[in-house]
Structure formats: structure tokens, C-alpha cells
2 protein chains.
Amino acid sequence: MEAEWGSQTRRVTSGAMRAVAEYIGRSDLQPGDCLPPERELMAELSVGRSTIREVIRHWQALGVVESRRGSGTYLLRRISPETMHLPLAVDSGRNGLLQMLEVRRGLEVEASALAAVRASASDLERIASRLLIMEAVHREKGCAGPEDLAFHLSVYDASGNPVFNQLLSQMRESVQTLFGMSRVRVDFAARSFPFHRELFEAIAAKDPDAARSKTLSILAIVEEDIQDMIR
Amino acid sequence: MEAEWGSQTRRVTSGAMRAVAEYIGRSDLQPGDCLPPERELMAELSVGRSTIREVIRHWQALGVVESRRGSGTYLLRRISPETMHLPLAVDSGRNGLLQMLEVRRGLEVEASALAAVRASASDLERIASRLLIMEAVHREKGCAGPEDLAFHLSVYDASGNPVFNQLLSQMRESVQTLFGMSRVRVDFAARSFPFHRELFEAIAAKDPDAARSKTLSILAIVEEDIQDMIR
DNA sequence: CTGCCAAAATTGGTCTGACAACTATGAGGC
DNA sequence: GCCTCATAGTTGTCAGACCAATTTTGGCAG
């Protein structure tokens, strides 16, 4: 009998969530665009404002929208009614950081392997160009944080699975905002630098096993340096 | 100037979120227990009920609590104020399922490798016992769904990183509820059966590379069968 | 016409009160 | 002891009001 949860419970909010998701999916809203104001949605869906607000809160918690007081509610990521959401809770602090690193390693290794299998010619071209930029900046300044990130992002994209990019980007963001690593050593992970070319070559050679192991090499150095940094 | 978001914006709700998280962290609430009613929290924190409700909606969206009309709001997972949340959006449908599988592969492989490095004697014992159960049931009935799950869960736990268990469990749940795979073939992934013992032996031998490759073997079969199933 | 500034309109944030829908509890009848 | 049912407690929803931040508008000075 417990399967009857849909009888009456939460039909308005649930319906409103669906309606808003459908609206987003049907409209031409792009990330960064503004949703209709709460009062308008309220009138259009014939529900109370608090219901609309709770729906927005829900999407907000899921990182789909962002509200700016006095301005409006803005779309951060496109969703459809069939989007599935997996909230992930990780402890903060040293343990949380180390746990995140291990999860990240699993994802990054798999993304590299998939990239090796699936990278198209244009993917390879993009990765190569970012590798060159990264190497140039590294030779010039001794480090290349943003360029390194750009390189890895292009690898994630080459995996053909957008979930990797989404997850890894969010993990990077969360780590950065939560642990405030603004002042990293200038030579952070510098030793991993030569492996990036090897990773690229493994991907270009369509060798997933080599891509896995090269990624592991890079991450081993990154993790060592992080361990040093947090002592 | 736009970066001044913390000036006054969202201080009540944000403070209430923090307060509720602190309350949960400080109290002895266990998953399944009931939170104080909204009116009580409202009075205790000196905020309006709508604010409390929006806070609860937030935690609800993140899968931390569940509300039952007429009954109360129940804790699903323990959190502390320092918990970090990573919402993840995955498309439904074929593509989403395949994308999830790839992410799962990355996580599962890494969890196995970590288990090989870190499994304690008691971890090994637990994995072994579940392996034996699984093998027994498999011989008897030809399949062993729940026992297989139990085996893998014990491997995740042996990784020493609870995030793997959390993520993989949630992914399994989501897949099951969203794609409704109630009627799987009775011999689903039966071919992966012999590899489980090999995976256990790799972990017992503390050989992370072997654990990686055995896990890949298991998942390759699972993925083949899923591909067959969704055609 | 251009540029600056104050007022007005817009929009999200919060509070309050009320009622509906549902659940859990316990008293009373059998 | 068991069942029924009234009652209190809890979440869900709506309505209206006001506050706070932002954006837009319109007027005024140059």
C-alpha cells in the first residue's frame, strides 16, 4: 500500500517542479538567461508563491538555477523533466579532501581511457593545441595553472561523456571554494608536466591502458604535492 | 561590485541552513529519526515558517531529509555544517544510462584498487564470506542479485573511503528507480560470476593493478548484458 | 544630445495567519 | 484483547503584506 505515495501528497509542488522543468526544457533558455519572475510563474501555474519558491529552492539546491535578489532567477544548467539528480555529500576538512582526490582519480582515469578510445580528429587537435599552449606557458613562467585546467577539460570532453566534465569541474570548484587554495606554491605539480605530453600521445595512439597509466602518473604527483601542502 | 553577494542577501535562510545543519550534527539524530517539527524549529531559530520550509526543501533536494505529510521530517543521512554537496545531473534515457555506466566503471575500478591497498584482515574476512554466500546462491539458483550487491558493497567499504559507497549506492538506486529494471533476465551478468573470486584474490594479494583489471572484466560483461537488454 | 542622479518599478526574501490533507495517538465501546 | 473513531499534531498550500536589493525610468544639468 505504501506505493500509493502519489495519491494526493505533494501533487502541487511536484506538479509545479515538473512544470518548471518542462518550461525550461521547452523554452530556448540558455545557461545565464533569466527565468520568469516568481509572481508570473505563480499566476501561470495557478499555485501559491511559496510553492513556486520551494520549487526554485529545490533547483537552487541542485545547482540548476541561481537567484539574485532584485534581479531575477537565472538558469545555470539546462535541464529537462527527465533529468536525474545525484546529490553527493562529502565531508570537508583533510579527510574530505583526500576522499575527493581518490574519487577524482577514478573519474579522471576513466575519462582519459574513454578519450583514448573515442577522441575524434578535432578532439585530438584541440587537446594538442592546448598542450602546446600549456607547454609554452610552463616554459615561460614555470607554472601553468589555467592552461593545465584547459588541457584536462579538453580531455574530459574528448571522452564523449559530458558527465565527467560536469563532475570533475564541480569537484574542482568545490575544492577551490571550500579549501581556499589561493596561495599554491608556484611550482605546484610541476613535476607532472612532462607526463601531459605522454598522456596526449597515449590518447592519440588510441591506447586506453596507456592513457590510464599516464593519468595515474600525473595524479600521483598532484596528490603528493597536495599532501605536502596540507601537511 | 557584484561579488558582494554576502552583504545582506540570503542571510536569514543561509543562517538557518547552517543552524539546522549544526543541530543535526550536534544532536544524536540517526538516519531514520525524526527532526523537530517546523513550528518548533521556527520558534527556536526565530525565523518565519516559510524560511524553515525552504531550508528543509534545500536539504530535501540534496537527499539529506525526507518529509512525510502529517508525520514529520525524517533524517536520511547524517550531515555536519562542513558537509560539501555536489549535485549531479544526468540525462535519463539510453544515453544517460550508458553515461552512468561509464562513470560507475571509473569509480568501481578505483574502489577496487584502493581496497586492494587498504583492506584490513576483517575487511577481507567480510568480503570472503559474502563471496562464499554469493557463490553458494549462484550455484543453487543460477543467479544471485542481492548477494552480488552485498559482495560489491563490502569491497567499496574496504576501500576505506565512504564516498565510493555513497556514490555507487545512489547510482544503483537511481538507475533502478528511473529505468525500472525489475524484469532482468535471470542469467543477467552470470558470465561475470567467476571473475568475482579472482577480484577477491587480487584484493587479498594486495595487488591494485590486478584488482583494477578484474573489476574491468566484471563490468565489461555487465555492460554487454545491459546493452543487450536495452537493445 | 549626453551624462549623471534620484525616484519609481521590478524582483527576490521573509513574516504572519489561515486552512487543507494526512498521520499518529489514545480513549471508548465491543 | 481488538476494533473504531474522535482528536491533536504535522506537513502542504495559499494569500497578503512588507522589506531589501536591483534595475529601469525619467528628469535635470551640462
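By convention in this document, chain letters (A, B, ...) are assigned in the order of the sequence lines, proteins followed by strands, and residues within each chain are numbered from 1.
Considering only side-chain N and O atoms, Ser50(A) lies nowhere under 4.0 angstrom from the phosphate OP1 or OP2 of dA15(D).
A salt bridge between Arg104(A) and Glu102(A) is absent, with no side-chain N of the basic residue lying under 4.0 Å from a carboxylate O of the acidic one. Here Arg126(A) pairs with Asp157(A) in a salt bridge; the nearest charged N to carboxylate O distance falls below 4.0 Å.
Annotation: side chain of Val103(A) is in contact with side chain of Phe164(B) (closest heavy-atom distance under 4.5 Å). Using a 4.5 Å heavy-atom threshold, the side chains of Ser169(A) and Leu153(A) count as touching.
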Dump every N/O contact between nucleotides 4-11 of chain D and the protein below 3.5 Å, one line per pair.
unit_1	atom_1	unit_2	atom_2	d
dG9(D)	N2	Gly70(B)	O	3.1
dT10(D)	O2	Gly70(B)	N	3.4
dT11(D)	OP2	Glu38(B)	N	3.0
dT11(D)	O4'	Gly70(B)	N	3.4
dT11(D)	O4	Arg39(B)	NH2	3.1

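Counting all heavy atoms, side chain and backbone alike, Met134(B) lies closest to Glu147(B) at CA-CB, 3.9 Å.
The distance from atom OH of Tyr74(B) to atom P of dT23(C) is 11 Å, rounded to the nearest whole Å. Per the geometry, CG belonging to Leu41(A) stands 17 Å off P belonging to dT10(C), to the nearest Å. Distance CG (Leu45(A)) to P (dC14(D)): 10 Å, rounded to an integer number of Å. As a whole-Å value, the separation of His58(A) NE2 from dG12(D) C1' is 16 Å. Look at CD1 on Ile52(B): it is 12 Å from P on dT16(C), rounded to the nearest Å. One can place CZ of Arg57(B) at 16 Å from P of dT14(C), the figure rounded to the nearest angstrom. Atom CD of Glu66(A) and atom P of dT11(C) are 17 Å apart (whole Å).
Side-chain contact of Glu108(A) with Tyr156(A): a donor-acceptor pair under 3.5 Å is present, judged by distance alone.
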